[in-house]
Amino acid sequence: MKKIEAIIKPFKLDEVKDALHEIGLQGITVIEAKGFGRQKGHTELYRGAEYVVDFLPKVKLEVVLEDDLVERAVEAIQTAAHTGRIGDGKIFITTVEQAIRIRTGETGTDAI
């Protein structure tokens, strides 16, 4: 099993969710986040005063899935979240040793 964590722009959430649903993924976790990458935020003008916006709004998606779906899921996220502009986000993939469904006690891939 693998866990995919994707940090994307908030307005791309529905497109990414639909793309993951199309490949057969049912459950995702969505967390509102703030952060910055190489650009270290940006400056904005408000009522004539310039100020720095350090932390930009982002959305973090987490999906745990079987190994054979990882490539398709990553491709779906990349395609749906892509704008071609700075700050499109990142995807991280890690190995999950065990998953347990609390309600039924199912383990492994049965739990996801």
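Worth saying up front: this structure is predicted, and the values here are computed from it rather than measured.
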First locate atom CG of Asp18, then atom CG of Leu13, and finally report the distance between them rounded to the nearest 0.5 Å.
9.0 Å
If you group Ile, Leu, Val, Met, Phe, Trp and Tyr whenever their side-chain heavy atoms sit less than 4.5 Å apart, what else falls in with Met1?
Val64, Val96, Ile112
side-chain hydrogen bond (donor to acceptor under 3.5 Å, both in side chains): which pairs involve residues 82-92, sequence neighbours left out?
Thr83-Asp88
Heavy-atom pair with the smallest gap, counting every atom of Pro10 and Pro57
CD-O, 3.4 Å
Where is the tightest heavy-atom contact between Ala73 and Ile4, given as atom of each residue plus distance?
CB-CD1, 3.7 Å
Going only through I, L, V, M, F, W and Y residues with side-chain contacts under 4.5 Å, is there a path from Ile91 to Ile31?
no
How long is the straight-line distance from CG of Leu56 back to CD1 of Ile7, given to the nearest 0.5 Å?
13.0 Å
If the test is side chain to side chain contact (heavy atoms under 4.5 Å, CB included), which one of Thr79, Ile8, Val59, Ile28 qualifies with Val16?
Ile8
Please report the interatomic distance CD(Glu71) to CD1(Ile93), rounded to the nearest 0.5 Å.
9.0 Å
Answer with yes or no whether the hydrophobic clustering places Ile77 together with Phe92; edges join I, L, V, M, F, W, Y residues whose side-chain heavy atoms lie under 4.5 Å apart.
no
Residue pairs passing the side-chain hydrogen bond (donor to acceptor under 3.5 Å, both in side chains) test with at least one member in residues 94-107, sequence neighbours excluded, are Lys2-Thr95, Arg101-Glu106, Thr104-Glu106
Less than 4.5 Å apart, any side-chain heavy atom of Lys58 and any of Lys34?
no
